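Working notes, structure below.
Lettering of chains follows the sequences in order, A, B, ..., and the numbering in each one begins at 1. Just the heavy atoms: all of them, side chains too, but no hydrogens, waters or symmetry mates, feed the values below. No experiment lies behind these values; they were computed from the predicted model shown.
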Amino acid sequence: KAGVTQTPRYLIKTRGQQVTLSCSPISGHRSVSWYQQTPGQGLQFLFEYFSETQRNKGNFPGRFSGRQFSNSRSEMNVSTLELGDSALYLCASSPGTAKETQYFGPGTRLLVL
Amino acid sequence: QQQVKQSPQSLIVQKGGISIINCAYENTAFDYFPWYQQFPGKGPALLIAIRPDVSEKKEGRFTISFNKSAKQFSLHIMDSQPGDSATYFCAARTTGGGNKLTFGTGTQLKVEL
């Protein structure tokens with residue numbers, strides 16, 4: 001099976017802009033989670049989607065949002081970008097029920113100037 | 001609030017030696033403890049995981065030791081190899097928490113020849 005794919009891999013944006021990142025989970029997986037990785041804060045959970053519904057949400061401002069489509073692909077959006085949003089954004093997929101292994105994609109490296 | 005504390009931040013081990021990374025948690029609702037390995041430019045990959053009903057789990061050269069009463073768990077890498085040089089993250093997940101993982105801050109391991 002193909003792994004988790006994320007597009008784009010690299011992105012440069014300017015403060016105030018918005019950005020949309022995409023994640024395609026492993027075929028058959030219905031749960032998609034998003035994480036932000038920075039040198040200072042480490043890996044932090046953003047949100048999880050399962051069957052097109054947000055199942056969990058981390059402690060991030062409302063500028064961070066996401067959605068999941070019927071084919072389980074997911075997107076996350078960050079509006080009004082701030083310099084501190086520069087990070088590696090990771091997507092992880094799992095079959096769907098809780099307590100299962102999550103498989104991470106390679107991430108999207110976002111740089112906000 | 002950091003719920004999973006990881007140490008050391010960095011570790012240098014000679015080839016063939018034992019690498020030991022420790023984690024401590026606060027939330028007693030955590031019931032699943034995975035370790036992830038991350039190479040530069042890649043997403044984290046699951047290495048090994050344990051549930052609190054066992055005190056030790058071994059897979060090849062990797063062993064997790066778990067102490068429920070002390071709320072601590074550790075990763076032991078036996079016969080460490082240069083190819084093991086990577087960043088290691090411990091994590092934890094709660095029952096009913098969906099797939100939300102709370103990560104430790106990471107340990108950068110370097111195995112020298």
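Taking the salt bridge (Lys or Arg N to Asp or Glu O under 4.0 Å) definition, one finds that K57(B) meets it with E59(B), sequence neighbours left out.
The interface of residues 79-90 of chain A with chain B, defined by heavy-atom distances below 4.5 Å, comprises L88(A), L90(A).
Once rounded to the nearest 0.5 Å, the distance linking CD of Q38(B) with CD of Q37(A) reads 4.0 Å. Distance check, rounded to the nearest 0.5 Å: NZ of K100(B) to CD of Q44(A) gives 10.0 Å.
Side-chain rings of F104(A) and Y36(B) approach one another, their centers coming within less than 6.0 Å.
Within 6.0 Å of the CD atom in Q108(B), the count of heavy atoms belonging to other residues, nucleotides or ligands does not exceed 12. Other residues, nucleotides and ligands place no more than 12 heavy atoms under 6.0 Å from the CZ atom of R15(A). No more than 12 heavy-atom neighbours from other residues, nucleotides or ligands sit within 6.0 angstrom of CG on N59(A). Open room surrounds OH on Y103(A); 12 or fewer heavy atoms of other groups in view lie less than 6.0 Å from it.
Neither the backbone nor the side chain of R109(A) has a heavy atom closer than 4.5 Å to any heavy atom of chain B. Contacts of P34(B) with chain A are absent, with no heavy-atom separation under 4.5 Å from either backbone or side chain.
The hydrophobic cluster containing Y25(B) does not contain I20(B), counting ILVMFWY residues as joined when their side-chain heavy atoms lie under 4.5 angstrom apart, directly or transitively. Linking ILVMFWY side-chain heavy atoms closer than 4.5 Å, directly or via other members, places L47(B) and F39(B) in two distinct hydrophobic clusters. Linking ILVMFWY side-chain heavy atoms closer than 4.5 Å, directly or via other members, places I26(A) and W34(A) in two distinct hydrophobic clusters. Grouping the Ile, Leu, Val, Met, Phe, Trp and Tyr side chains by contacts below 4.5 angstrom, directly or via other members, places V19(A) with F47(A).
When all heavy atoms are compared, the tightest approach of N99(B) to Y35(A) is O-OH, 3.3 Å. When every heavy atom of F45(A) is checked against every heavy atom of L101(B), the shortest pair comes out as CB-O, 4.0 Å.
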